[in-house]
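These numbers were taken from a predicted model, which means no experiment stands behind them. Both ligands and their constituent atoms are indexed starting at 1 by order of listing.
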Amino acid sequence: MARSSTKKFHEKSRDERLKAVKSFARLSNKDIEILKSSGGISFAEANHMVENVIGTLSFPLGIATNFRINGKDYLIPMVIEESSVIAAASKAAKIARKHGGFVMESDESYSIGQIQLVDVDVRSAIPKITKASKKILSLANSKSKTLSRMNKGAKKITCKKLETKSGTMLIVEILVDVGDAMGANVTNTMCEGVAPLIEEITGGRAILKILSNYSTKRLVRGRAVFDKEEVGGTHVVNNIIHAYHFAANDPYRAVTHNKGVMNGIIAVANSTGQDTRAIEAAAHAFASKDKRYTSLTRWKKDKQGNLVGDIEVPMPVGIVGGIVNVHPMIKVCTKILGTNSAKELGCVIGAVGLAQNFSAIRALASEGIQKGHMKLHAKNIAASAGVPKNKIHEIVSRMVKENNVSVTRAREILKEL
Ligand code: NAD
């Protein structure tokens, strides 16, 4: 198996990087052509995807190196506009490798569909639904031959009573094993498909029939051990644990802590064509599951004093459906990643979230985040100040040295030069 710890990947030229990725993931020349194109979709393709299209907009696609997850090496495509994130993920993965990398696991891919019933006698409706659940499940499953053939699909019906300002409601929930899809469309189709039967059984009136994006039945969780010496010594390990307890106990810190986790999660979700809004919404709701918003990760020390990180987060992702098998660049990214199931993809994304969180809190708990961040950010600042390419390096170095990174300073130095 090829190793993901490609030496000095960041110092390579674009062609050398592409060569390394091509050999790692056995890409074709056509795949390389797609990677070299400027974004992946034509106007016509974009115009099919959404409405009122006038163009397309591309973002940087980079590769995080060094990842080993459940004993398998991955080069991880990440699409993100924020500097430092890909370098930070790669660095964290390099440290985690020393103790075997990330150990991740995923629940089955269960989505939850909800049917809202009003004008209903909840007490008598619940036993009727329970009695008819086989019939309801069978009708739901008739809506997806593919899932039924795979022995997946709708598996369970549950009911819950809601007291609201507009009266008592009955919420009927369908648990659907969506296999390797994200599953929103199939779940929505099933909900709409069974709603008339549920109305008939209960005498109620169905209003909403839709997937819940609070994907609590498809969590990924996992752990990595970060060697105390590589982290920066016991002092830094202790500081990281202090930083974690800050996030665990203060929502103002936790939101930023989790934003770091999402830097990793969303960048991989972008490169693999996922519904990032669904992932974000579920993650933040999950962070509040104990009635107070808190950290999505947990940090502690092991007996040897190494830093141990844990993550648990909902992961509604798919390797089929949506734009996954449509967008040419995403198809190549999926090939680079080499994941064979939605569960495997979820494990990879969760691992990158943990890695990202490690690097962010390590920087914060040691030298601070701005040093590394500003160096990369300074390049963008210099470019936006109109600095010509051949002067960027010099101006960036001076701004960083002076600890004064701004458009104004970039222009001043340019004038001096
Ligand atoms: P989809 O409908 O495009 O594809 C899923 C289908 O793929 C399944 O119904 C099944 O027929 C087929 N399939 C083939 N092989 C499969 C396998 N191995 N496992 C499972 N299914 C397989 O997509 P989807 O996953 O149902 O929905 C995802 C899309 O829906 C995303 O684009 C998302 O943005 C969008 N969406 C999201 C929401 C939301 O609330 N988050 C709502 C509506 C739509």
Side-chain angles (χ1 to χ4, degrees), residues 40-41 45-51 53 56 59 79 106-116 137-155 171 173-195 206-220 262 265-286 313-331 333-335 337-349:
I41 53 168
E45 285 165 318
N47 206 26
H48 273 123
M49 275 180 201
V50 298
E51 309 75 35
V53 177
T56 57
F59 281 90
V79 168
S106 167
D107 292 342
E108 293 303 319
S109 298
Y110 281 113
S111 74
I112 300 164
Q114 298 189 304
I115 297 136
Q116 176 199 25
L137 288 173
S138 157
L139 179 61
N141 284 323
S142 71
K143 307 293 170 193
S144 173
K145 297 215 165 37
T146 310
L147 289 183
S148 300
R149 257 200 311 274
M150 292 163 60
N151 204 20
K152 300 198 176 284
K155 296 290 176 196
I171 312 300
E173 293 186 339
I174 318 179
L175 199 63
V176 187
D177 184 345
V178 292
D180 285 318
M182 182 268 181
N185 287 320
V186 73
T187 305
N188 292 345
T189 306
M190 285 182 179
C191 288
E192 289 190 3
V194 300
I207 306 181
L208 302 193
K209 308 125 192 161
I210 186 146
L211 162 94
S212 163
N213 278 292
Y214 192 22
S215 309
T216 54
K217 301 288 183 196
R218 54 196 309 188
L219 304 177
V220 297
M262 300 318 280
I265 288 181
I266 297 302
V268 188
N270 281 333
S271 75
T272 55
Q274 306 305 318
D275 183 337
T276 53
R277 292 78 58 205
I279 297 171
E280 283 276 5
H284 296 298
F286 192 69
V313 63
M315 198 53 70
V317 294
I319 58 162
V320 294
I323 60 163
V324 177
N325 313 110
V326 177
H327 194 298
M329 196 72 110
I330 285 165
K331 286 202 277 187
C333 287
T334 308
K335 201 164 163 187
L337 202 51
T339 45
N340 296 314
S341 67
K343 285 167 66 177
E344 186 184 351
L345 175 61
C347 287
V348 169
I349 296 179

Name the closest protein heavy atom to [atom], giving the residue it belongs to and the distance to 0.1 Å.
atom	result
atom 4 (O) of ligand 1	Gly321 CA, 3.3 Å
atom 43 (C) of ligand 1	Asn188 ND2, 3.7 Å
atom 38 (C) of ligand 1	Ala184 CB, 3.4 Å
atom 33 (C) of ligand 1	Asp275 OD2, 3.4 Å
atom 25 (O) of ligand 1	Gly183 N, 2.6 Å
atom 20 (C) of ligand 1	Val178 O, 3.1 Å
atom 5 (C) of ligand 1	Ala181 CB, 3.8 Å
atom 7 (O) of ligand 1	Val320 CG2, 4.3 Å

Answer yes or no: is there a side-chain heavy-atom contact under 4.5 Å between [X] and [Y]?
X	Y	value
Ile41	Met49	yes
Asn141	Leu147	no
Gln274	Val324	yes
Thr272	Val317	no

May I ask you to identify, for [X], whether its side chain, its backbone, both or neither come under 4.0 Å of ligand 1 on a heavy-atom basis?
X	result
Thr146	side chain
Ile210	neither
Thr187	neither
Leu211	side chain
Met150	side chain

Is [X] in polar range of ligand 1, meaning some N or O pair under 3.5 Å apart?
X	answer
Met182	yes
Asn185	yes
Gly322	yes

Between [atom1] on residue [X] and [atom2] on residue [Y], distance to nearest 0.5 Å:
X	Y	atom1	atom2	result
Glu173	Cys191	CD	SG	9.5 Å
Asp107	Lys217	CG	NZ	9.0 Å
Gln114	Ile174	CD	CD1	10.5 Å
Ile319	Thr334	CD1	OG1	8.5 Å
Ile112	Leu211	CD1	CG	8.5 Å
Asp177	Arg218	CG	CZ	9.0 Å

For [X], take its heavy atoms, then give the atoms of ligand 1 lying under 4.0 Å from any of them.
X	value
Asn213	39 (C), 40 (O), 41 (N)
Leu147	20 (C), 21 (N)
Val186	9 (O), 26 (O)

Inset, instruction - Check whether any side-chain N or O of Ser109 sits under 3.5 Å from a backbone N or O of Gly179 as a donor-acceptor pair, and report yes or no. - result: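 Present.
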Inset, instruction - Return yes if some donor-acceptor pair links the side-chain N/O of Asp180 with the main-chain N/O of Ala342 below 3.5 Å, else return no. - result: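 The answer is yes, because a donor-acceptor pair under 3.5 Å joins these two groups.
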Legend entry - atom 29 (C) of ligand 1 protein-contacted (non-hydrogen atom, under 4.0 angstrom): yes
